2 protein chains.
Amino acid sequence: MFDLGHYLPYLINRAGARLAVEFGREIRRRGIALQEWRVLAALADQGGQRLSDLAGLTSIDLSTLSRLVGRMVRAGLLSRERMDGDQREVSVALTDKGQRITRAIIPIAQRYERRAFRSFMPAEEATLKALLLRVYANLERPER
Amino acid sequence: MFDLGHYLPYLINRAGARLAVEFGREIRRRGIALQEWRVLAALADQGGQRLSDLAGLTSIDLSTLSRLVGRMVRAGLLSRERMDGDQREVSVALTDKGQRITRAIIPIAQRYERRAFRSFMPAEEATLKALLLRVYANLERPER
DNA sequence: TATTGTTATACTCTATAACTATA
DNA sequence: TATAGTTATAGAGTATAACAATA
């Protein structure tokens with residue numbers, strides 16, 4: 001009736017869930033939740049961000065992110081301040097503490113990525129990444 | 001500090017989130033939540049399942065699934081009964097109504113999959129699926 | 001005693017919408 | 001009026017653990 005084993009959303013969800021669960025458990029022991037890591041990683045890559053850009057970058061819903069960032073600010077991981085130019089916008093950035101913790105988690109994250117890729121040839125790694133990027137781009141929400 | 005654009009868990013999460021959000025919105029208008037669809041699709045592929053097998057198949061936590069299945073039984077989508085052999089086990093299956101609804105959603109799901117793959121050559125589709133399967137297998141939880 | 005599944009608790013996420021402040 | 005972000009609410013997911021029934 002339905003062939004799950006060749007259904008792309010299933011294959012993506014299954015691989016993503018396994019990555020998320022295992023890695024999430026390990027960093028939670030260090031006091032960081034998976035969604036918090038996603039925010040830290042996005043800021044480590046791109047520097048300070050507007051909240052709505054950060055929502056797009058992390059795939060986290062804006063209102064969820066607003067409260068998540070609030071908790072992370074209270075925990076001393078992030079700073080949040082109104083932009084100079086447009087006072088409606090908010091700039092979110094890592095604090096020194098946030099940077100320290102992010103730097104401690106990065107090697108763990110890279111270890112999990114290597115584990116996902118064990119048995120892969122370097123060219124296969126690059127192929128998978130490129131194909132996932134094309135899937136993402138293909139699903140760009142059409143203009144309404 | 002961190003290269004998000006080449007980090008596999010990020011690329012998987014991003015593509016999976018976009019698939020899930022768009023498709024989830026469309027089927028919710030038809031009264032089915034995304035997690036419910038995952039259960040329906042797993043049962044449509046594999047027939048009746050033990051609850052713990054279904055948890056593995058759908059990547060849904062067992063206690064979450066237990067309550068989700070309870071709601072779906074109350075909604076008339078699933079049947080749930082103790083196994084003949086081992087009375088601890090539970091067998092979950094689609095009802096006629098569940099089958100009807102599943103059959104109505106399958107073409108929508110396939111439409112989203114085709115959208116994700118537009119611009120893909122058939123061989124590239126197969127490559128992506130095979131690589132995702134290998135990632136999943138590589139992350140098999142090691143025996144403890 | 002171990003396994004399968006259910007239930008409880010506390011916290012978090014999601015969907016939706018109302019709301020504030022700024023443009 | 002539109003945009004960026006915050007807050008409120010209800011329902012659902014998650015982590016953890018206790019629990020019942022069965023093996």
Side-chain angles (χ1 to χ4, degrees), chain A residues 13 16-39 48-75 78-93 144, chain B residues 13 16-39 48-75 78-93 144:
Chain A
N13 180 58
R18 199 168 258 187
L19 271 167
V21 168
E22 300 272 323
F23 174 64
R25 278 200 188 111
E26 179 152 346
I27 63 170
R28 195 170 319 102
R29 279 184 236 121
R30 288 167 170 78
I32 298 293
L34 185 61
Q35 298 274 62
E36 292 174 347
W37 155 251
R38 288 182 174 145
V39 171
Q49 293 286 313
R50 293 190 318 153
L51 195 64
S52 48
D53 293 337
L54 197 54
L57 210 49
T58 56
S59 307
I60 297 174
D61 171 83
L62 182 62
S63 79
T64 301
L65 185 63
S66 175
R67 272 164 302 186
L68 175 59
V69 165
R71 286 197 300 276
M72 293 175 77
V73 168
R74 283 192 293 282
L78 303 183
S79 66
R80 172 169 57 178
E81 52 187 36
R82 293 280 162 189
M83 292 284 226
D84 285 350
D86 187 330
Q87 284 284 305
R88 292 172 304 186
E89 299 179 351
V90 159
S91 169
V92 178
R144 309 210 148 172
Chain B
N13 180 58
R18 199 167 259 189
L19 271 167
V21 167
E22 300 273 322
F23 174 64
R25 277 199 189 112
E26 180 153 345
I27 63 170
R28 196 172 315 103
R29 279 184 238 119
R30 289 164 169 78
I32 298 293
L34 185 60
Q35 298 275 62
E36 293 174 346
W37 155 251
R38 288 182 174 145
V39 171
Q49 293 287 314
R50 292 191 316 153
L51 195 64
S52 49
D53 293 336
L54 198 54
L57 210 48
T58 56
S59 307
I60 298 173
D61 171 84
L62 182 63
S63 79
T64 301
L65 185 63
S66 176
R67 273 164 303 187
L68 175 59
V69 165
R71 286 197 300 278
M72 293 174 78
V73 168
R74 283 192 291 283
L78 303 183
S79 65
R80 171 170 57 178
E81 52 187 37
R82 293 282 162 187
M83 291 285 224
D84 285 350
D86 186 330
Q87 284 284 305
R88 291 173 305 188
E89 299 179 350
V90 158
S91 169
V92 178
R144 308 212 148 171

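Being a predicted model, the structure only gives us computed values, none of them experimental. In what follows, every heavy atom counts, from backbone to side chain, and hydrogens, waters and symmetry copies are set aside. Just so it is clear: chains get the letters A, B, ... in the order the sequence lines come, proteins before strands, and each one is counted from 1.
Across the helix from dT1(C)-dA23(D) to dA23(C)-dT1(D), the helix axis at one end is tilted relative to the axis at the other end by 10° (nearest 10 degrees, each axis from five pairs).
For the atom pair CZ (Arg80(B)) and CZ (Arg74(B)), the distance works out to 8.0 Å, reported to the nearest 0.5 Å. Note that CZ of Arg25(A) is 8.5 Å distant from CZ of Arg29(A), once rounded to the nearest 0.5 Å. Between the OG atom of Ser91(B) and the CD atom of Gln49(B) there is a distance of 8.5 Å, given to the nearest 0.5 Å.
Annotation: side-chain contact (heavy atoms from CB on, under 4.5 Å) contacts of Ser59(A) (sequence neighbours excluded): Asn13(B), Arg14(B), Ala17(B). Under the rule for a side-chain contact (heavy atoms from CB on, under 4.5 Å), the partners of Gln35(B) that lie at least two apart in sequence or sit in another chain are Arg38(B), Ile60(B), Leu68(B). For the salt bridge (Lys or Arg N to Asp or Glu O under 4.0 Å) test, no residue two or more places apart in sequence or in another chain qualifies with Arg71(B). Judged as a side-chain contact (heavy atoms from CB on, under 4.5 Å), and not counting sequence neighbours, the contacts of Val92(B) are Leu43(B), Leu51(B), Leu54(B), Val69(B), Leu78(B), Val90(B). Every side-chain contact (heavy atoms from CB on, under 4.5 Å) that Arg88(B) has, sequence neighbours left out, goes to Asp86(B). Asp53(A) is linked by a salt bridge (Lys or Arg N to Asp or Glu O under 4.0 Å) to Arg50(A), counting only residues two or more places apart in sequence or in another chain. Under the rule for a side-chain hydrogen bond (donor to acceptor under 3.5 Å, both in side chains), the partners of Glu26(B) that lie at least two apart in sequence or sit in another chain are Arg111(B), Tyr112(B).
Once you apply a 4.0 Å limit to the heavy atoms of chain B, the touched nucleotides of DNA chain C run 5' to 3' over dA2(C) to dA15(C).
The separation between Leu34(A) atom CG and dG13(D) atom P is 18 Å, rounded to whole Å. Spacing between atom CZ of Arg38(B) and atom P of dA12(D) amounts to 16 Å, rounded to whole angstrom units. For the pair Arg50(A) CZ and dT3(D) C1', the computed distance is 10 Å after rounding to whole Å. Rounded to whole angstrom, the span from the CD atom of Glu81(A) across to the C1' atom of dT6(D) amounts to 18 Å. Between Glu89(A) atom CD and dA2(D) atom P the separation is 18 Å, expressed in whole Å.
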Practice task
Spell out protein contact along nucleotides 15-23 of chain D as letters: B when the base is contacted, S when just the sugar-phosphate is, - when no protein heavy atom is under 4.0 Å; keep the 5' to 3' order.
Solution key: SB----BBS

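Looking at every heavy atom in both residues, Trp37(A) comes nearest to Ile32(A) through N-CG2, 3.8 Å. When all heavy atoms of Ala33(A) and Ile27(A) are compared, the pair lying nearest together is O-CD1, 4.0 Å.
Contacts with DNA chain C (heavy atom under 4.0 Å) in residues 51-59 of chain A: none are found.
Within the structure, no pair that satisfies the ring pair (Phe, Tyr, Trp, His ring centres under 6.0 Å) test touches residues 53-73 of chain A, not counting sequence neighbours.
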